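These notes are about the structure you will find just below.
In this text, all values refer to a predicted model and were calculated from it rather than measured experimentally.
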Amino acid sequence: MNNVIIIGAGPAGMSAAIACAQKGLDVVVIDEYLKAGGRLLGQLYEQPDGSWWNGIEESARLHQQALDLGVQIQLNTPVNNIEHHDGQWTIYTEHETLSTNHLLLATGAAESPIPVPGWTLPGVMSVGAAQVMTNVHRVKPGERGVIIGVNVLSSAIAMELKLAGIDVACMALPKMSQLTDQQAHPKHVLDSLLHVSHMAPSQFVKLGSKLMKNDFMKKLGVTFYPKRGVNMWDIPIQLRKAVIEIYGEKQVEGVTVATIDSNGEIVAGTEENVEADFVCIAGGLYPLAELAALTGCPFYLIEELGGYIPLHNERMETPLDGLYVAGNITGIEGAKVAAAQGTTAGLTIAKQAGFEGLDGEIEEAIQVVEETRDQSYIQFHPEVNKGREMVKEKWEEYVLPLRSI
Amino acid sequence: MTQRIVDHPILGSIEEKEQVSFTFNEKEYYGMNGEPIAAALLANGVRTLRHHEEKATPRGIYCNIGHCFECRVTVDGKQGVRSCLTPLQEGMVIESGGTLPTPVKDWSAKNE
């Protein structure tokens, strides 16, 4: 029996482990990947102050800090099931069965796929896959790639590919379908890119942040969007072209793109081929919450946070005794927010495990989460604060009737 | 032919690791000890990791972090191993899966 079990060795899980261990709890962290760090591992970008955010170094630092505090870290260990009996959580891993009174789920996020004809060909991968191959394993996903889907994550990774000397032929939208939704709509994409104009190419800003303030002008911006695209780090970004097919006999040989109108509809006869040996699909992230679903924790669909969210409060507790969540399982945000949530969860667990006088520290940790969110360099969803408010409301609705019993 | 990123302007030179040998579909390859099998194969220019059990179409990595199961291979006789998160070791015998017999009859016209 362990004091605390944490599933997920990303920024949230590791920060929670460190906070628990600092209070003297014995902690086991489980992760199915072969390195600690989760999605933090692949991250590499220049911060506004000119320093580089290096996910590999940050992960190694968290890993070492946890080890120094005596945290047990079990990598290469998939979790297959969770059960709850008599106030105790039983965790079935591929190697052994563990139990605890305090279980933290910090399983992070997964990438939404965008089905495009030809997408099962070898050489087609999620944009995160290309990031991990390039930055973590130092193997090129290919010589020349095309990125389908223009968003914050794919723009950042396009730059990382260029840094590693990999050619990116272009970034383009997916062909509009029932599944692509707004990601295939030029106006919506331009709109969401403008929310991150501080990291978007200066040309976007030149196209006019002012011009883009009302819908009519936004439509005009898309209508006059250069047919050849706008270059960012020498990568043409095509908001008026969509990938209609990925072709290749045994593996990717290229993509067929076509011009689209300002509503995302294909203009017939404009198809052309772009040669490439790999293709990245960037459909955005959603909370990876299967393990929380196994526990019977209530869920709510909150688009502002990226998908179905297990109900939780600001202290990172769920309505189930001894079950906590932190990081992207609670909504898609950056690694720094995830780490701050992890610290909060760790302190809450320590309190529930019997440590007294932690209320002040927990309140401070909650403050840090909010400050980190407000200062975030990359905001995955512009309305994340609205999403967080919605979770708070759901929590109140859920626990109020229980309190009056 | 190597696909390795030996030098990187921010991340620096690649970490030196012990080289190990392994086989994939009975052909010998070399990779870095402890790196994911999928990375070792891609560094050798191998993208196709299996063929679809029913349609026989080629498949490679998709998500690269264990979620999608597209990269599954057989390692030392164990089926369904995700090559993207399994560390490579000296002497591993790795094999692709292929088509499997299906009890479901194909009712398309060509079989009538």
Closest-packed option against chain B by number of heavy-atom pairs under 4.5 Å, given A:C280, A:G38, A:P141, A:P78:
A:P141
Step-by-step side-chain contact (heavy atoms from CB on, under 4.5 Å) determination, B:R47 to A:D277:
CA-CA 10 Å; B:R47 287 196 186 279; A:D277 65 349; 4.0 Å; yes
Toward chain A, the part of B:C68 with a non-hydrogen atom under 4.5 Å
neither
How far does NE2 of A:H137 sit from CG of B:L42, to the nearest 0.5 angstrom?
10.5 Å
How long is the straight-line distance from NE2 of B:H52 back to OG1 of A:T120, given to the nearest 0.5 Å?
8.5 Å
Between B:A39, B:P9, B:G34, which shows the greatest number of heavy-atom pairs under 4.5 Å with chain A?
B:A39
Return yes when atom NZ of A:K336 has more than 12 non-hydrogen atoms of other residues, nucleotides or ligands closer than 6.0 Å, and no otherwise.
yes
Interface check, chain A: of B:R82, B:R59, B:E35, most non-hydrogen pairs under 4.5 Å belong to B:R59
Using 0.5 Å steps for rounding, measure from the CG atom of A:L34 to the CD1 atom of B:I65.
11.5 Å
Find the distance between CZ (A:F278) and CD1 (B:I61) and round it off to the nearest 0.5 Å.
10.5 Å
If you tally heavy-atom pairs under 4.5 Å between each of A:K250, A:Q251, A:K140 and chain B, the highest tally belongs to A:K140
Taking CD in A:E96 as the centre, count heavy atoms belonging to other residues, nucleotides or ligands within less than 6.0 Å. Is the count above 12?
yes
Taken to the nearest 0.5 Å, the spacing of A:T107 OG1 from B:H67 NE2 works out to 8.0 Å
For residues B:I5 and A:N135, determine if any side-chain heavy atom of one lies less than 4.5 Å from a side-chain heavy atom of the other.
no
Mind checking the CG-CD1 spacing from B:L11 to A:I56? Nearest 0.5 Å is all I need.
5.0 Å
Please name the pair of heavy atoms, one in B:P36 and one in A:Y33, separated by the smallest distance, quoted to 0.1 Å.
CG-OH, 4.5 Å
Whatever's closer than 4.5 Å to a heavy atom in chain B on A:L75 counts as neither
As a quick check of understanding, evaluate side-chain contact (heavy atoms from CB on, under 4.5 Å) for A:N76 and B:L85, giving each step before the final call.
CA-CA 7 Å; A:N76 297 302; B:L85 41 70; 5.7 Å; no
Whatever's closer than 4.5 Å to a heavy atom in chain B on A:E94 counts as side chain
In the structure I gave you, are the side-chain heavy atoms of B:H8 and A:L44 within less than 4.5 Å of one another anywhere?
yes
Is the closest side-chain heavy-atom distance between B:N64 and A:M133 below 4.5 Å?
yes
Kindly give the heavy-atom pair with the smallest separation between B:G60 and A:P122, and that separation in Å.
N-CG, 3.9 Å
Decide, yes or no, whether a salt bridge links A:R138 with B:E15 under the criterion of side-chain N to carboxylate O below 4.0 Å.
no
